[in-house]
Amino acid sequence: MALLSTTTSEQDGPSEFELVEAETTIGRHPECTIVVDAGAVSRYHAKILQRDDGFMVEDAGSRNGTYVNGRLLSGAQFLRTGDKIRISEVEFTFEDGEVPEFVKGGADMTFEGSNFGILMTDDEPETEQFGSSMVDFSSSSDGLKIKATPEARLEALTRIFSNLGEALSIDEVLPKILSSLFDIFPAADRGFVVMQNSEGHLIPRWVKTRVAQDETETVRISRTIIKQVMTTGEAILSVDATEDSRFDSSQSIADFSIRSMICAPLTDSEGRAFGGLQIDSASGRGHFSNEDADLLAGVAKQIGIVIRNAELHEKTLQQREVEQDLKHATEVQQAFLPQVPPEATGYRVCSYYQAANHIGGDYFDYIPLADGRIAVVVADVVGHGVAAAMFMAKLAAETRFCLASEPDVAKAIIRLNDGMSNLEIERFITFLVVVIDPGSNKATIVNAGHMPPVIRRAKTSEIEEPGEEESGLPIAIAEGMDYEAVEIDLLQGDLAVLYTDGINEAMDSSDEEFGIQRVKELTASDGSADEVKDRIVEAVLEHVGDAPPFDDMCLVVIERTANAPSGDQQQAAKGSGAGSTFDTAELSPSDGDKGTDAS
């Protein structure tokens, strides 16, 4: 007598299938001679063929193959007593002749080292393996059923909660949780976590299948089930989803071959659903129970809270990284700005700079030219933040090149505009340059859409705004623009204030602007360049008060302190070691709302 032996539960003892037909079919289809409804068994998985000289086993074109004594079956193979035929996670022992005594009765059942039993093993390196102590098997009208032992469930739950307690990254914890769930639910073919993104779309965050999938194969997930549990806030158990009236309108359930399934909502600490955790089986009906659904719902509830905590942790780390990057960017931008005032005999220049955020789009520079002139530049890139600061860095380099290579200031700014326009970046720059000539005590002004300089005349205390009518379009709007230079005299005691709109448009808590008129009034009062600069800055900061910064603030004050000596006098002073009448002070990094001063 030839038979195949396998094991159900310890109470039922071994199951024996006598091989009496010419062809014995094995699979999960009800028409098979031996129905095995477990794991990833194919509908028609394998067959035993009776021949005159013995029995042969042959794979029936199964998806995951048939193994004999641990080797993948290729073609048909004759069987000998004791051969082990493995179909998915179930192993049969072939016996031909006298049935061993331990099969007939009373001996203790052990799987390791015996000629008979069921081993839960891997079809592929990535699949899960179950020892004999982790699963129970039972027969039913629906086929062979697999269920984790209470010890296995407890062990898996312990691992899950241990992983949850240590979870800092979502992508680290999710695969561990799904692997543990496969230990709790050995009949599950796949498990997955689906989460809602910021736009409200359901996105699979992690998918695990018990049997390794082909890389080209797409794992399809039904939104119907996930949306159902998110709407109700309760777990769904379906013994057979293809016949479940709750999913009558969803053709995808049948298309996905979902049979037994459990899906539980993922919720945050306030009970708001943001996704779902699902395990399912395509191999047959009735694999999961109400007890299983309650267990998965409890696990999902804990997972939901941990996922949200992990997201907060990841956002905190990202924020710290961004803040560190911004700190470095601030240091880099400070290095772009002048560290000391320019060396211009007979002039004093001081400045103030404060970015609205860590880094800003306002820009000022002192550029020495080959003929002894000094170019003082103040500019404002539209907007502020990282993008504006990067555009400002490009502007700084191009400005120095154009002014150094073209003596005519107006032509230099035309070249600058063409170069920045060719970048085709949707940003523009208001730009003001004042070129001081210490030899002639004249200043050349070119204005590209910026506020004109505020000039205070020492003799009359009158305020002038030269170049306002000659102002051209801002830089980088379009190439081919013309710019006009305006030349003025700077007499002893005269003072010029250059500023960006972060000064005059600074708002208080009532959204009232500081105003250009206040800038003029504070400039008109007596005082040196440093006194005027400090007076304006203090007034602006007092006006803003506790209101958040509206825009970057930049202020440069130029003062004619004395008549410049002649060329012979300058050379004599240099030879004798006499110091310049220009005072210098180092540029210090900004400190909170104090900004950066240079004088």
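No experiment lies behind these values; they were computed from the predicted model shown.
Within 6.0 Å of CG on Asp52 lie no more than 12 heavy atoms contributed by other residues, nucleotides or ligands. Counting heavy atoms of neighbouring residues, nucleotides and ligands inside a 6.0 Å radius, atom CG of Asp546 does not exceed 12 of them. Heavy-atom contacts from other residues, nucleotides or ligands closer than 6.0 Å to CD of Glu426 number 12 or fewer.
Listed here is the closest heavy atom pair of Ala273 and Gln196: O-OE1, 4.4 Å. Contact record, Ala235 with Ala293: CB-O, 4.2 Å, taken as the closest heavy-atom pair. In this structure, Ala300 and Pro265 approach most closely via the heavy-atom pair CB-O, 3.5 Å. Across every non-hydrogen atom of Met230 and Gly275, the tightest pair is CG-O, 3.5 Å. Here the shortest heavy-atom pairing between Cys263 and Ile226 reads SG-CD1, 3.7 Å. Here the shortest heavy-atom pairing between Gly65 and Leu72 reads CA-CD1, 3.9 Å.
Asp268 meets the salt bridge (Lys or Arg N to Asp or Glu O under 4.0 Å) test with Arg272; sequence neighbours excluded. The side chain to side chain contact (heavy atoms under 4.5 Å, CB included) check on Asp511 picks up Met507, with sequence neighbours excluded. Applying the side chain to side chain contact (heavy atoms under 4.5 Å, CB included) criterion to Thr24, with sequence neighbours excluded, gives Leu19, Glu21, Thr33, Ile34, Ile48. Judged as a side chain to side chain donor-acceptor pair (under 3.5 Å), and not counting sequence neighbours, the contacts of Glu31 are Tyr44. Listed by chain and number, the residues in a side chain to side chain donor-acceptor pair (under 3.5 Å) with Thr232 amount to none (sequence neighbours excluded). Partners of Lys394 by side chain to side chain donor-acceptor pair (under 3.5 Å), not counting sequence neighbours, listed by chain and number: Glu398.
With rounding to the nearest 0.5 Å, the separation of OG in Ser74 from CD in Glu58 is 10.5 Å. Taken from CG in Asp292 to CG in Asp294, the straight-line distance is 9.0 Å, to the nearest 0.5 Å. The CD1 atom of Ile262 lies 5.5 Å from the CG atom of Leu296; values are rounded to the nearest 0.5 Å. Note that the OG1 atom of Thr209 and the CZ atom of Arg190 stand 9.5 Å from one another [nearest 0.5 Å]. The CD atom of Gln354 sits 11.0 Å away from atom CG of Asp551, with the distance rounded to the nearest 0.5 Å. Note that the OG1 atom of Thr267 and the NZ atom of Lys301 stand 6.5 Å from one another [nearest 0.5 Å].
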>> Please evaluate residues Val382 and Ile429 with respect to the criterion side-chain contact (heavy atoms from CB on, under 4.5 Å), reporting the C-alpha separation (whole Å), side-chain torsions for both, the decisive distance (0.1 Å), and the verdict.
In response: CA-CA 6 Å; Val382 63; Ile429 309 129; over 6 Å; no
>> If you apply the rule side-chain contact (heavy atoms from CB on, under 4.5 Å), what do you find for Ile85 with Leu79, and how did you get there?
In response: CA-CA 9 Å; Ile85 304 169; Leu79 292 171; 3.8 Å; yes
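A donor-acceptor contact shorter than 3.5 Å links the side chain of Asp59 to the backbone of Ser62. Listed for the Arg28 side chain is no donor-acceptor partner under 3.5 Å among the backbone atoms of Val36. When atom types are taken as modelled, the side chain of Arg205 and the backbone of Val194 share no donor-acceptor pair closer than 3.5 angstrom. Side chain of Asp501 to backbone of Glu505: no donor-acceptor contact under 3.5 angstrom is found. Here the side chain of His29 pairs no donor or acceptor atom with the backbone of His45 at under 3.5 angstrom.
A side chain to side chain contact (heavy atoms under 4.5 Å, CB included) with Phe94 is found for exactly one of Val57, Leu3, Leu4, Val68, namely Leu4.
Counting heavy atoms from C-beta outward, Lys47 and Ile26 have side chains that stay 4.5 Å or more apart. For the pair Ile225 and Asp280, the minimum side-chain heavy-atom distance is 4.5 Å or more. Considering only heavy atoms from C-beta on, Leu202 comes within 4.5 Å of Lys227 through its side chain. Using a 4.5 Å heavy-atom cutoff, the side chains of Glu23 and Thr25 are in contact. Taking the side chain as every heavy atom from C-beta outward, Glu513 and Asp508 never approach each other to under 4.5 Å. Within the 4.5 Å cutoff, the side chain of Leu423 has heavy atoms near those of the Phe391 side chain. Under the 4.5 Å side-chain criterion, counting only non-hydrogen atoms from C-beta, Arg51 is in contact with Met56. With a 4.5 Å cut-off on side-chain heavy atoms, Val381 and Asp362 do not count as touching.
A salt bridge is absent between Arg80 and Asp96: the closest approach of a Lys/Arg side-chain nitrogen to an acidic carboxylate oxygen does not fall below 4.0 angstrom.
Geometric assessment of Arg86 against the ring of Tyr67 yields a positive cation-pi assignment under the 6.0 Å and 45° thresholds. Because its NZ or CZ atom is both nearer than 6.0 Å to the ring centre of Phe274 and within 45° of the ring axis, Arg308 counts as a cation-pi partner of that residue.
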